[in-house]
Structures are given as C-alpha cells and as structure tokens.
Amino acid sequence: MSPFSDALSIAASVRRGERSATEVLEEHLGRIAEREPEIHAFNLVTDGPARATAAAVDAAVAAGEDPGPLAGVPVAIKDNLCTRGVPTTCSSRILEGWRPPYDATVVQRLAAAGAVAVGKTNLDEFAMGSSTENSAFGPTRNPHDTSRVPGGSSGGSAAAVAAGFAPVSLGSDTGGSIRQPAALCGVVGVKPTYGLVSRLGLVAFGSSLDQVGPFAHTVADAALVCEVVGGHDPGDSTSLPGAFPSVSEHLSDGVAGLRVGIVTELMGEGVAPDVAARVRAAADALAGAGATVEEVSVPAVTFGLSAYYLVAPAEASSNLARYDGVRFGNRVDAATTGEMMTATRTAGFGDEVKRRIMLGTFVLSAGYYDAFYGTALKVRTLMRQDFDTAYESYDVLLSPTSPTTAFAFGAKTADPMTMYLNDICTIPTNLAGHAAMSVPFGTGDDGLPVGVQVLAPALGEVPMFRTAAVLEAAAHAEGGAA
Ligand code: GLN
C-alpha cells in the first residue's frame, strides 16, 4: 500500500477544515524539493501559483464555501496539456517558451473542483515513446529504482504520483502512455473510452486515438478524477454526450457474476513469465471473488502494433505540420520562408518525432495511401469486430499492461522496434476506442511493480472499475499477508 495520503482523504479533511490546503501543498512541495533532482518528473514546478491557489481554497473553506470534490488536492499535469500563461512544451525544443492562451478543459475542470496544480510533467517528445527517454529535457527516473525507466510517454506523471509529489496526476494515452507507465511505476492508470474526456487543449498526436486520463495510488481516486475531468465538452467535436459514467458509487459492488476473459494472444510470446504469472494470480483473485474466468481468443489484437504504426504516424504527420516556426514556439531564421520552416523543424524536433513524421507522410502519400493507411483502417475495423465478439461473452478482459517490468535506461533505444513492442498489450484498446486501465498487482521476479490490465468495451467503465477495485483489495490482502 502507498505510504502517501490519497486524494479522497486529503479533500475530505480540507473540506472539513481539519487540514489546510496550504499545509497539504507544503508537504508535497517538501517531497518535491527532496527527490525531484533525482527523479526529474517535472519540466516545471509551479510552486508560486500553487501557493496562491491553495490560499484561495483555504479562504473559501474559511468563508463557509465548499471548494469542491478535489479541495486542496495537489495535481501534476502532463506537459502536453495546455495551461494558460504557463509554458507547455510537450518536452520538445520546438515549443520551448510557448505559453498557451487558454487552459485545457480538463485543467479547467480540475481547478473548478478545488485541485491545486503543482507543475507540468515530463514526457517523451510529443508523447511518442514508452520510456520518457525521448524527452528533449532528459529522462525521468523510476522512483522504485532510479536505474530504470518510468515508462512512457507519461513517465513524469506516473513518477510524480509514485514518488509522492502529488496524489493524482493527468496523462494522455494514444497507445498506452497512461497504462504502461502506471504499470512500471506501481500506480493506477486509466485510459477512458474515446470521447468521454475532452481533448480540447491536449496537444494532438493521433487525434483518433488520444485520450486524457488519471494516475492515482487508489482505484477510488482514479474514479473521482475521471468523474471530475470527464463528461461532455462542446469544444471537442468527438466528445460524447452526457457525464462520465458514475463509477465511484459502484466500487464496492464486487465482481460476483461478472464474466472475465483472459486474452490468450496477450499471454504468450513476448510476455515475461513472471508478468504472465501475476495476471494469472489476478484472474484467480477475481474467480475467488465470484467472477467467471475463462481464456478467450481475440485474434486481431496481434495486428495491433502494425496497424498503430501506420495510423498513429499518419495522424501525427498531419497534426505536427503546424510547428513550422510561424505560429508556435521556436523559429530558426533563414533567407526564405521555406528554408526557415526546414531549419526550424530540423532543429526543433528530435529523432523519434522525425521518424514518425516521415513514416506518416510516406503512408499517406499518393500511391501508398491505399496499401498502407487504407489497410490499417481495415485492420482497425477487424479488431473492433473481434473485440465485439469477445464482449458478447465477457464483461471485461484481462491481460498484462506491459510485457515486462521497468527496464534499464538505454536497454531499448538502439532499435525502435524493441521499444514499440512494449505496447503490444495496450495499443489494441486505443485502435478500438475502448476503455482500459492498469492496476498494480504485486511485483515481478526483480521486485519491481507489475500492472494488470482490465479492458472493457466502449462505455464499459463501471464493470472495469468494479474489477479494478477487487484486484486492488486482493493485491493489498496479498501484500499484507506476505
Ligand atoms: N508508446 C506509444 C508510442 O510511442 C504510445 C504513446 C502514447 O500513448 N502516447 O506511440
């Protein structure tokens, strides 16, 4: 169990006037001062504005007002979410110095709920990567073992929670960037159904895949943050109508009668045996709690990686065309506009981002579009159909989140493909637009955290969170008994 206070209990004590938001903030800033030089979870710690926000929360409580469900809760924000007047870099040189003129909807909603933003967290440049080693500002270290990566791309947000810098944080997940770092850092991470959380103010990577979600120590905190930041936003054309499903009220429903399928294709080749063993232990815990657990084949998930590395770079190459030295961030001057754009993009983007732009531009080009991009879209449909078939018989599916525990720095940087293979279990969810979350479930042979992934169909958040809550309780019981 985490040694740090959770968001729900912080908010409860601040709302009752038992603790001040200022005291809570100073405790977290103290931990940041102590460990951040070693961890590098943040691109920027906004301690000044945070102190002002905490003071405002305290003033509201003193005046008899209710600051909201996240009253006085410190939150860390991935640095690809726009924050008004506060640098938003995407960990890229090309955006250095850019200050957005508006807050992302999710940032606005956190503030309206009484949360206190403590800083912007490090990521792989433009969220492209699985280790945070692609940040232009240096990597983040895993708080459990600083010789290991925290995962990525939201490595800073995962590490910030794991290190006790904030009880909750926000990340973005295009192919696993919330769930995989959550698994590697031993915290809860949620990728909600596509359209449930607004993308307004999330710097676009793969627009049909991107979704914002929380990191937390507990399933209940993650549920609360989803309910606060989620729900319809007229400013996002892909936003679903209505509120985020009310998951918090179902957390103690248990899993009796729930049908759980272990995805056969995600338990074999490429998955470390100690990780697979933890997934089986999680399945046993669910069966012990009254769920029906079986293996199920979802054949098309094996095409996930191939389809993703056509669709995501295609969308990225289009989305990143806007960074040309004209409107945003850095500009490298040159004689002509064309030369200025080339010089700016050459200097501003890192190697992985350039690789994705080239890949994406290639697969969208005349003569190749149908063969590559068109085929990937067909595979995407096939994957949805295979999931639909599985969800006719199962309420949720189970798999590892990441095929291994946290790996060493440099272990997977030489060959991009070995890095991409980290996401075999998480990518299918994004292609399908479904929900999935990672729940810590013990450790691997190396003593480092293992995450179990609970997958659900679109809008299947209630059974997903019910399952997660049972797994969390089982992991605690196991940890306590050990
Ligand atoms: N690791 C995957 C990639 O590099 C997913 C990243 C993400 O979810 N943002 O694209």
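Nothing here was measured: the structure is a model prediction, and the numbers come from that model. Atoms within each ligand, like the ligands themselves, are counted from 1 in listed order.
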Revision key, fill the gap. Under 4.0 Å from one or more heavy atoms of Gly175, ligand 1 contributes atoms 5 (C), 7 (C), 8 (O)
Check your understanding: Given that the side chain starts at C-beta and the backbone is N, CA, C, O, which of these parts of Thr174 lies under 4.0 Å from ligand 1, counting heavy atoms, or is it both or neither?
Key -> both
**Study point:** Part of Arg179 within contact of ligand 1 (heavy atoms, under 4.0 Å)
**Key:** neither
Point to revise | ligand 1 contacted by Tyr308 (non-hydrogen, < 4.0 Å) | key: yes
Review point. Identify the closest protein heavy atom to atom 6 (C) of ligand 1: which residue and atom is it, and at what distance?
Key: Ser177 OG, 2.8 Å
Review point. So, does Met419 sit close enough to ligand 1 that a heavy atom of it is under 4.0 Å from the ligand?
Key: no
Check your understanding: Counting only heavy atoms not in Arg84, do more than 12 sit closer than 6.0 Å to its CZ atom?
Key -> no
Review point. Polar-atom distance check: Asp173 versus ligand 1, any N or O pair below 3.5 Å?
Key: no
Practice item. Pull out every atom of ligand 1 sitting under 4.0 Å from any heavy atom of Tyr309, numbered as shown with elements. Key: 2 (C), 3 (C), 4 (O), 10 (O)
Check your understanding: Can you check whether Phe244 reaches Val228 side chain to side chain, under 4.5 Å on heavy atoms?
Key -> no
Review point. Counting each atom of ligand 1 from 1 as listed, which ones have a heavy atom of Ala127 under 4.0 Å away?
Key: 6 (C), 7 (C), 9 (N)
Check your understanding: Quick one: which ligand 1 atoms are inside 4.0 Å of a heavy atom on Ser130?
Key -> 1 (N)
**Study point:** Among Asp173, Asp423, Thr426, side-chain hydrogen bond (donor to acceptor under 3.5 Å, both in side chains) partner for Arg179
**Key:** Asp173
Which donor-acceptor pairs under 3.5 Å do the side chains of residues 414-421 make with protein atoms, sequence neighbours left out?
| residue | atom | partner | partner atom | Å |
| --- | --- | --- | --- | --- |
| Asp415 | OD1 | Met417 | N | 3.1 |
| Thr418 | OG1 | Asp415 | O | 2.7 |
| Tyr420 | OH | Glu352 | OE2 | 2.7 |

Would you list the atom pairs, donor with acceptor, under 3.5 Å between side chains in residues 305-313 and any protein atom, with sequence neighbours excluded?
none

Review point. Looking at Phe42, is Lys120 sitting on its ring face, NZ or CZ under 6.0 Å from the six-membered ring centre and within 45 degrees of the normal?
Key: no
Review point. Hey, which atoms in ligand 1 end up nearer than 4.0 Å to a heavy atom of Met128?
Key: 4 (O)
Practice item. Have a look at ligand 1 and work out which part of Ser153, if any, has a heavy atom under 4.0 Å from it: side chain, backbone, both or neither. Key: side chain
Review point. Using 30° and 60° as the class limits, which term best fits the ring planes of Phe126 and Tyr323: parallel, tilted or perpendicular?
Key: tilted
Exercise for review: Of the side chain and backbone of Phe126, name the one, both, or neither that has a heavy atom under 4.0 Å from an atom of ligand 1.
Suggested key: neither
Practice item. Mark yes or no: Arg356 above the aromatic ring of Phe349, with NZ or CZ under 6.0 Å from the six-membered ring centre and no more than 45 degrees from the axis. Key: no
Review point. When you look for heavy atoms under 4.0 Å from ligand 1, do you find them on the side chain of Phe205, its backbone, both, or neither?
Key: side chain
Review point. For atom 2 (C) of ligand 1, what's the nearest protein heavy atom and its distance?
Key: Asp423 OD2, 3.1 Å
Exercise for review: Indicate whether any N or O donor in one side chain lies under 3.5 Å from an N or O acceptor in the other, for Glu125 and Ser91.
Suggested key: no
Review point. Does at least one non-hydrogen atom of Ala312 fall below 4.0 angstrom from an atom of ligand 1?
Key: no
Check your understanding: Heavy-atom count around Asp388 CG within 6.0 Å, excluding the residue itself: above 12?
Key -> yes
